[in-house]
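This report refers to the structure that appears directly beneath it.
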Amino acid sequence: MKKFITGIFVSIVMFTAASANATTENYGTLLAGTYQPSASFASLSATGSGNVYTFTLTGLNLDSLFTNGAFIGSIAVDTNPDLKLTGKNHDTVSISSVTGGATVGTGNGKGPGGNWDFQFDLGNSGVSRLTSGESVSWTATFSKPVTFADVGFALHVQGLTPAEGGSAWYVAGSPITAAVPEPSTYLMLLAGLGIIGFVSKRRLS
């Protein structure tokens, strides 16, 4: 019986660890600039581990919180360990499976303060940028395994009025707001519990 309980505990721990690989954050806290919106204007989810992550960015009510024509132009990213995308023996980030209302690329921009590793660029020369009510998803493959810093992402909102400062950078208003397990995680948990139950039943019979 003790081994059975221990097995269940191990399965729950594995399930919890796998769930932590999917996070969603809401953005609206001013980091650099002058204009603080009254509510969150975007959500960003990241799912994955190691060197492959899938992102989904959704612009909420940018037009009402900022001004008509406001858009999210880029996302500054801070990783652990730090990525170096230029110079000798540089790291790489490749983008694939882009769907939705914007194009996605990578750039060497260091974000607000110049301390960020790189940025995801949304839109190409002002075309296909992310505006109010739009969403875009993409997969990023890094040349080495990474995790993201506590404040791992900053969103650059552009197209603001002169009174709003023209543009500004924003971070998540709170830590992780959701942890959503992959469907395969549920299957692994159920399979593990089934094996434990089968073994325990054989020992009792």
Side-chain angles (χ1 to χ4, degrees), residues 21-33 35-48 51-79 83 85-86 91-114 116-143 146 148-149 151-161 164-174 176-178 180:
N21 288 335
T23 64
T24 300
E25 295 179 327
N26 294 319
Y27 286 76
T29 299
L30 182 65
L31 176 64
Y35 185 75
Q36 173 61 59
S38 59
S40 298
F41 63 85
S43 67
L44 176 67
S45 69
T47 304
N51 67 326
V52 180
Y53 288 85
T54 296
F55 299 91
T56 298
L57 175 64
T58 301
L60 304 176
N61 45 349
L62 276 77
D63 286 347
S64 59
L65 289 172
F66 297 100
T67 185
N68 288 342
F71 63 95
I72 303 171
S74 59
I75 306 169
V77 185
D78 188 12
T79 61
L83 290 177
L85 299 190
T86 59
D91 300 307
T92 62
V93 184
S94 61
I95 305 298
S96 61
S97 304
V98 180
T99 60
T103 59
V104 181
T106 59
N108 297 319
K110 294 297 183 179
W116 302 74
D117 293 321
F118 75 99
Q119 65 186 37
F120 292 120
D121 293 323
L122 307 176
N124 182 12
S125 300
V127 179
S128 298
R129 54 201 183 189
L130 193 76
T131 57
S132 187
E134 293 185 325
S135 182
V136 61
S137 297
W138 70 97
T139 296
T141 302
F142 300 87
S143 55
V146 298
F148 302 101
V151 183
F153 306 95
L155 274 54
H156 192 202
V157 178
Q158 299 171 257
L160 307 186
T161 66
E164 294 170 338
S167 69
W169 290 90
Y170 299 90
V171 292
S174 61
I176 295 167
T177 57
V180 184

With rounding to the nearest 0.5 Å, note down the distance linking [atom1] in [X] to [atom2] in [Y].
{"X": "Ile72", "Y": "Leu122", "atom1": "CD1", "atom2": "CG", "result": "7.0 Å"}
{"X": "Thr161", "Y": "Asn68", "atom1": "OG1", "atom2": "CG", "result": "11.0 Å"}
{"X": "Ser137", "Y": "Phe55", "atom1": "OG", "atom2": "CZ", "result": "11.0 Å"}
{"X": "Phe118", "Y": "Thr86", "atom1": "CZ", "atom2": "OG1", "result": "13.0 Å"}
{"X": "Asn51", "Y": "Ser143", "atom1": "CG", "atom2": "OG", "result": "8.0 Å"}
{"X": "Asn26", "Y": "Thr58", "atom1": "CG", "atom2": "OG1", "result": "10.0 Å"}

Please name the pair of heavy atoms, one in [X] and one in [Y], separated by the smallest distance, quoted to 0.1 Å.
{"X": "Leu31", "Y": "Ala154", "result": "CD2-CB, 4.1 Å"}
{"X": "Gly159", "Y": "Thr67", "result": "O-CG2, 3.4 Å"}
{"X": "Ala39", "Y": "Leu65", "result": "O-CD1, 3.6 Å"}
{"X": "Ser74", "Y": "Trp169", "result": "OG-CH2, 3.6 Å"}
{"X": "Val157", "Y": "Ala70", "result": "CG1-CB, 4.4 Å"}
{"X": "Tyr35", "Y": "Glu164", "result": "CB-O, 3.3 Å"}

Just so I know, are the side chains of [X] and [Y] near enough to count as touching, which here means a heavy-atom distance under 4.5 Å?
{"X": "Phe120", "Y": "Ile95", "value": "yes"}
{"X": "Val151", "Y": "Asp78", "value": "no"}
{"X": "Phe142", "Y": "Asp91", "value": "no"}
{"X": "Asp121", "Y": "Val104", "value": "no"}

- Show your reasoning for whether side chain to side chain contact (heavy atoms under 4.5 Å, CB included) applies to Leu62 and Thr131. CA-CA 7 Å; Leu62 276 77; Thr131 57; over 6 Å; no
Do [X] side-chain atoms and [Y] backbone N/O form a donor-acceptor pair below 3.5 Å?
{"X": "Gln36", "Y": "Leu30", "answer": "yes"}
{"X": "Glu134", "Y": "Leu57", "answer": "no"}
{"X": "Tyr53", "Y": "Val146", "answer": "yes"}
{"X": "Ser167", "Y": "Gln158", "answer": "no"}
{"X": "Thr103", "Y": "Gly123", "answer": "yes"}

- Is there a donor in the side chain of Thr79 and an acceptor in the side chain of Asp117, or the other way round, less than 3.5 Å apart? yes
- Message: Between Thr24 and Ser45, is there a side-chain donor-acceptor contact under 3.5 Å, judged purely by atom types and distance?
- Response: no
- Item | CA sep, side-chain torsions, deciding dist, call: Thr106, Val77, side chain to side chain contact (heavy atoms under 4.5 Å, CB included) | CA-CA 10 Å; Thr106 59; Val77 185; over 6 Å; no
- Do the ring planes of Phe153 and Phe148 sit parallel (below 30°), tilted (30 to 60°) or perpendicular (above 60°)? tilted
- Query: Are the aromatic ring centres of Phe66 and Tyr170 under 6.0 angstrom apart?
  - Reply: yes
